Undergrad: 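Quick one: the structure is below, questions incoming.
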Amino acid sequence: MAWQRKTPFGYLIRDGLIRPRPQEADAVRYIFGQYLAGASFLAIAEDMTRRGPRYHQHTPEWNKHMVKRILENPKYIGADNWPRLVSDGDFTAAQGQRAGRNTYAPLPAEIRPIQAKAVCGLCGEKVIRG
């Protein structure tokens, strides 16, 4: 465990060799399994905070960004000669789910000109998209 992770979660470097860190490697597989079963980044982060292991040694808290970094890291399927921790199928399925769950919709072009001028009729505050 490190303050700023240089080595991805799930791995350690010993005697110049990259090796899986057993408890963390199991956690990586668990995270992929939970995500593929439908859990959100936040739900997985809360679960990992309860069950461990820690992502950083200075805090037991996980957040959704830590989970996201794990799910999008191709090193877990053996990229760049890292030991494989998850199957190609699970990694590809997780990427497909991430794309399918994305709910971001860009602001339509016809609304942009009035965005800066829009104010709330009740309080007079600028209307923001949220």
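Numbers here simply count residues along the sequence, with the first being 1. From a predicted model like this one, the values you see are computed outputs, not experimental measurements. Values reported hereafter were calculated over all heavy atoms of this structure, with side chains retained and with hydrogens, waters and symmetry mates removed.
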Undergrad: Does any N or O in the side chain of W62 come within less than 3.5 Å of the main-chain N or O of P53, such that one atom is a donor and the other an acceptor?
TA: yes
Undergrad: Taking everything shown except E110 itself, do over 12 heavy atoms lie less than 6.0 Å from its CD?
TA: yes
Undergrad: For Q95 and L71, indicate whether the former's side chain and the latter's backbone hold a donor-acceptor pair under 3.5 Å.
TA: yes
Undergrad: With side chain to side chain contact (heavy atoms under 4.5 Å, CB included) as the criterion, how do T59 and R54 come out once you've worked through the C-alpha distance, each side chain's angles and the decisive distance to 0.1 Å?
TA: CA-CA 7 Å; T59 178; R54 292 179 174 203; 5.8 Å; no
Undergrad: Between F9 and Y76, does the ring centre distance come in under 6.0 Å?
TA: no
Undergrad: With sequence neighbours excluded, tell me which residues meet side chain to side chain donor-acceptor pair (under 3.5 Å) with R19.
TA: none
Undergrad: With F32, which residues qualify under ring pair (Phe, Tyr, Trp, His ring centres under 6.0 Å), at least two apart?
TA: none
Undergrad: So, taking the atom named CD1 in I70 and the one named CD in E24, what distance separates them when rounded to the nearest 0.5 Å?
TA: 8.5 Å
Undergrad: Treating R84 as the side-chain partner and I77 as the backbone partner, does any N or O pair qualify as donor plus acceptor under 3.5 Å?
TA: yes
Undergrad: Mind checking the CG-CZ spacing from L85 to R21? Nearest 0.5 Å is all I need.
TA: 12.0 Å
Undergrad: Would I18 and V86 show up in the same hydrophobic cluster when neighbours are defined by side-chain heavy atoms closer than 4.5 Å?
TA: yes
Undergrad: At what distance, to the nearest 0.5 angstrom, does NZ of K75 lie from OH of Y11?
TA: 9.0 Å
Undergrad: Which heavy atom of R29 sits nearest to which heavy atom of D26, and what is that distance?
TA: NH2-OD1, 2.8 Å
Undergrad: Please check if the side chain of E125 supplies one atom and the backbone of C120 the other of a donor-acceptor pair under 3.5 Å.
TA: no
Undergrad: Restricting to non-hydrogen atoms, name the atom on I44 and the atom on A39 that form the minimum distance, rounded to 0.1 Å.
TA: CG1-CB, 3.7 Å
Undergrad: Can you tell me how far apart OG1 (T92) and CD (Q97) are? Round to the nearest 0.5 Å.
TA: 12.0 Å
Undergrad: Just verifying a value: how many Å separate E46 CD and E61 CD, rounded to the nearest 0.5 Å?
TA: 9.5 Å
Undergrad: D15 side chain to L17 main-chain N or O, any donor-acceptor pair under 3.5 Å?
TA: no
Undergrad: CZ/F91 to CG/N73 distance, rounded to the nearest 0.5 angstrom?
TA: 7.0 Å
Undergrad: K126: what forms a side chain to side chain donor-acceptor pair (under 3.5 Å) with it, not counting sequence neighbours?
TA: none
Undergrad: If you group Ile, Leu, Val, Met, Phe, Trp and Tyr by side-chain heavy-atom gaps below 4.5 Å, do L42 and V28 land in one group?
TA: no
Undergrad: So which heavy atom on V67 is nearest to which on I31, and how close?
TA: CG1-CG2, 4.0 Å
Undergrad: According to a 4.5 Å side-chain heavy-atom criterion applied to Ile, Leu, Val, Met, Phe, Trp and Tyr, with indirect links allowed, do Y35 and Y30 form part of one hydrophobic cluster?
TA: yes
Undergrad: Apply side chain to side chain contact (heavy atoms under 4.5 Å, CB included) to Y55 and H65, showing your working.
TA: CA-CA 11 Å; Y55 189 86; H65 304 290; over 6 Å; no
